[in-house]
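First up is the structure itself, then whatever we jot down about it.
Only this structure's heavy atoms are used, side chains among them; waters, hydrogens and symmetry mates stay out. Remember, it's 1-based here, ligands and their atoms both numbered in the order they're listed.
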Amino acid sequence: MMKNYQSLLSVLFISGLIVLLFYRMMPQDYSRNSASLTEFSTERALKHVKKIAQRPHFVGSENHPEVKNYLVKELEKLGLDVQIQQSAILSKWHNLVETENIIARIKGSNSKKSLLLLSHYDSAPHTKSLGASDDANGLAVILEGIRTFLQQKQTHQNDIIILFSDAEEVGLNGAYAFVTEHPWAKEVGLVINFEARGSSGPSMMLAETEGGNAQLIKAFSDAGATYPVSNSLMYSIYKMLPNDTDLTAFREKAAVPGFNFAFIDDHFDYHTVQDNYENFTPECLEHQATYLMPLLTYFSNTDLTQLKSVNDEVYFSVPFGFIHYPYSLNLPLLLLAIVLFFVITIIGLGKHVLDFKEVIRGFAPLFGSLIISALLAFFGWKMIQSLYPAYQDILQGFPYNGHRYIVAFGFITLAVCFWFYAFFIKSTKVANYFVAPLFTFLILNGLIYVYLEGASFFIIPVYFGLLSLGLFVFNPKIKWIVLLLLSIPALFIFIPFVSLFPIGLGLKMLAGSAVFIVLVFSLLLLVFGKFSNKNTWGWLCFLVGFVFFILAHTESGFEKGKAKPTSLLYLSEANTSKTYWATYDKVLDSWTKNYLGENPVLARQLNKNNLTSKYNSGFSFMAEAPSKAIPAPSIRFLRDTVIGNYRNVKMEIIANRPVNRIDVFLDNKIKIHNFRANGVQAINQKGSYFVRKDSRVLNYYPIQNKPLIVQFQIAKDEKLQLEIMTSSFDLLENELFTIPDRPAELMPMPFVLNDAIIVKKKFFKAKPILKIAGEQVEQTTVQDSIITQKDSLDAN
Ligand SMILES: [Zn+2]
């Protein structure tokens with residue numbers, strides 16, 4: 001057993017390594033204005049962030065063109081010719097919006113393929129997001145980066161294209177417009193995209209490519225970023241999820257590879273009014289710049305035609321390094337580890353250094369700790385959610401005190417590990433108990449090889465574990481300090497995932513963190529297992545965990561800057577003249593209760609034609625609302641006639657009031673062909689068939705109330721039954737209402753249509769009109785008269 005001072009030193013050493021690990025993930029300070037003009041200055045870049053993030057600038061908002069003009073001027077100040085690409089794209093999610101991409105180009109000396117730098121300049125709609133991190137940050141990095149690059153007068157072969165894309169938040173419309181319509185798109189060899197999904201934390205690299213990543217990863221490594229944070233497990237998971245960044249448009253439509261750089265911590269600020277300059281972390285921008293500057297130099301001089309590959313690489317970052325090797329090594333590394341494991345274990349048993357019974361016993365504390373701590377984290381988080389129900393209204397799944405919970409559950413897990421091993425390890429031969437974790441890791445790596453090859457680097461710490469066991473078998477008196485040093489790879493490789501999973505995917509992943517902690521603990525067993533006071537260490541960890549639960553509790557309330565997301569909508573159903581207040585909130589507060597009352601009813605009946613939102617949120621509660629003079633939409637038929645087997649419909653959809661959004665629904669059993677909205681066809685249209693998942697046909701974001709004309713074909717006997725929904729995002733400003741601003745501790749809920757006045761109206765027309773408007777035939781305006789009895793609303 002270890003002496004107490006040795007245990008303490010081990011704990012201090014391990015803690016120090018963990019601090020170093022997180023400290024080295026990103027710059028801890030940022031560059032100031034005093035930096036010479038040939039150096040990147042984050043302080044200079046921050047001016048852009050401050051300017052752009054003053055007010056919401058979503059597509060169609062008053063400030064959207066102002067941000068556009070600002071960016072054009074800033075690019076012109078750098079001496080660049082700026083062009084605006086105007087387009088309209090109907091995305092695969094059926095979003096239609098007119099876009100204006102901002103594009104500039106720096107000529108290279110001998111360009112085969114161009115390097116494209118990308119960020120979007122719109123902010124998230126209808127939640128008053130200020131878009132400081134998402135994505136003024138990206139714009140500022142590129143502006144200051146290009147300024148520095150030009151100031152340095154670097155010579156470069158490749159052309160550099162700058163694309164500030166529009167309408168990313170609507171449905172990547174600007175990026176799709178560039179890729180599918182702009183003549184320069186064919187020249188692009190690589191895209192570097194800057195994004196954010198929170199307001200702090202290290203910026204991580206996510207490669208995106210159609211084939212294998214080998215060339216991309218090698219080139220990234222050669223480019224030599226100072227603080228690379230990335231790994232191929234993230235890449236594998238990202239490939240499995242339906243991903244959506246502007247880069248996706250390049251990969252899908254032009255097979256152009258690229259790198260995304262994004263920071264994701266403090267997810268609760270994402271797409272909210274709190275994504276502001278004050279909450280923005282300048283070190284994140286500095287981190288983005290530590291990627292941009294070396295990559296800009298490297299990729300503006302590299303042959304960008306050579307970035308495609310059929311092979312993949314395993315890669316991961318550690319403090320001061322980025323390690324990568326080909327997938328082809330994965331199987332040999334796994335097999336060799338298995339062979340070594342059996343050789344060492346058999347020799348150990350033969351030399352009676354290991355005892356077979358004790359070795360088998362070693363599985364009990366390992367699986368005991370794994371199961372108990374995973375269950376504790378899973379049900380513990382469920383219990384916390386029921387104790388603090390308002391957390392559910394933070395749809396990101398990461399409350400303001402989320403980091404406290406990660407630490408709290410982390411220490412509880414450590415306590416469980418210490419207690420289990422204190423109970424089971426009776427002999428002094430801790431090595432017996434180290435065989436079970438190594439065996440389990442080999443099984444795990446076998447599964448990884450088959451199902452999730454990107455995580456194959458999990459074998460590296462196993463090798464260090466095998467080395468530890470091997471050294472012990474040949475010399476049971478091996479110094480503890482050697483074993484401590486051999487534990488470094490396990491810490492550097494696994495500890496980041498303890499926080500990365502819950503930060504990336506929400507606190508529902510706390511059980512995953514617990515599993516990682518147990519796995520690391522088990523790989524460090526030759527150190528921890530030798531502690532003489534394991535029970536005491538268990539209690540100490542428990543105490544720290546408990547303190548963090550208390551800290552989390554003291555920070556569980558809402559206040560300015562840590563506001564509770566809330567939602568309120570006014571909904572008018574024109575066919576029945578019924579009007580409602582509605583909310584998505586699970587927990588109501590004094591502000592929403594003003595409208596929904598103390599005992600609101602469940603809003604199931606309002607959720608029929610559900611608007612797809614990121615987390616599929618439906619309305620939770622509703623209450624009757626006073627009727628207001630808000631005009632309903634109408635339809636003007638321009639054509640409704642049968643030709644051959646098809647009923648051809650062309651109509652203008654008129655909002656009859658200023659709106660920000662028009663949604664069109666049509667029974668999803670009806671097959672639609674040759675759909676066009678304002679003359680645009682969907683980018684994922686297959687032949688003539690209009691592909692859709694649900695009843696929604698169109699989600700249109702009008703700019704300055706530009707009219708909407710849709711045309712399509714349906715089978716000739718199909719009845720036409722449409723629902724039109726118009727939304728204006730002005731519930732709090734509209735003169736017909738006197739809704740007070742939210743108190744400081746509340747903010748608009750992100751990801752959902754919010755603070756809106758919605759009017760829904762159904763239209764039904766069984767038979768074609770057989771008239772063609774505008775062609776010397778009378779126009780037919782469809783009014784309530786053609787709504788049949790059965791279509792009177794109240795769609796339960
Ligand atoms: Zn964004």
Side-chain angles (χ1 to χ4, degrees), residues 45 48-49 52-53 55-61 63-64 67-68 71 89 91 93 95 97 99-102 116-143 162-179 191-206 208 238 241-251 258-277 279-281 284-285 287-288 291-292 395-396 504 613-615 701 750-752:
H48 300 306
V49 177
I52 294 165
R55 284 176 291 174
H57 43 281
F58 58 90
V59 176
S61 69
N63 299 305
H64 180 262
V67 168
K68 181 191 80 184
L71 292 168
I89 289 284
S91 76
W93 303 279
N95 309 306
V97 64
T99 52
E100 294 191 304
N101 286 332
I102 304 167
L116 186 133
L117 306 181
L118 173 64
S119 267
H120 66 89
Y121 75 90
D122 62 317
S123 61
H126 53 68
T127 54
K128 309 242 173 2
S129 169
L130 294 167
S133 298
D134 178 20
D135 200 8
N137 131 73
L139 302 164
V141 171
I142 294 176
L143 282 174
I162 297 153
L163 169 59
F164 293 155
S165 65
D166 196 2
E168 190 267 356
E169 303 288 4
V170 172
L172 318 179
N173 299 54
Y176 276 108
F178 180 84
V179 181
V191 181
I192 299 179
N193 184 32
F194 292 96
E195 263 289 1
R197 202 220 55 177
S199 59
S200 78
S203 175
M204 292 183 275
M205 182 277 278
L206 263 179
E208 198 161 334
Y238 184 71
L241 299 173
N243 44 47
D244 51 348
T245 72
D246 269 350
L247 243 182
T248 314
F250 284 85
R251 182 176 54 75
F259 298 108
N260 282 302
F261 295 99
F263 45 92
I264 63 168
D265 205 353
D266 290 354
H267 194 188
F268 36 72
D269 288 334
Y270 180 52
H271 282 192
T272 75
V273 69
Q274 288 174 177
D275 183 4
N276 57 20
Y277 184 72
N279 287 331
F280 179 70
T281 311
C284 293
L285 202 156
H287 195 187
Q288 302 271 43
Y291 288 114
L292 173 63
L395 300 178
Q396 292 93 324
S613 68
K614 184 163 182 178
Y615 297 96
Y701 285 82
F751 313 114
V752 289

Checklist entry - Checking side chain to side chain contact (heavy atoms under 4.5 Å, CB included) for the pair Phe751/Thr127: CA distance, chi angles, key distance, verdict? => result CA-CA 8 Å; Phe751 313 114; Thr127 54; over 6 Å; no
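Ring geometry, Tyr291 versus His287: the interplanar angle falls under 30°, so the pair is classed parallel (tilted spans 30 to 60°).
Identified under the salt bridge (charged side-chain N to carboxylate O under 4.0 Å, His left out) test for residues 116-136, with sequence neighbours left out: Lys128-Glu733, Lys128-Asp755. The salt bridge (charged side-chain N to carboxylate O under 4.0 Å, His left out) contacts involving residues 259-274 comprise nothing, where partners must be two or more places apart or lie in separate chains.
With sequence neighbours excluded, the residues that form a side chain to side chain contact (heavy atoms under 4.5 Å, CB included) with Ala45 are Phe40, Ala140, Glu144, Leu285.
The CG atom of Asn193 lies 9.0 Å from the CG atom of Leu163; values are rounded to the nearest 0.5 Å.
Only protein N, O or S atoms were considered, and those under 2.8 Å from the Zn ion (ligand 1) are His120 NE2, Asp134 OD1, Glu195 OE1, Glu195 OE2.
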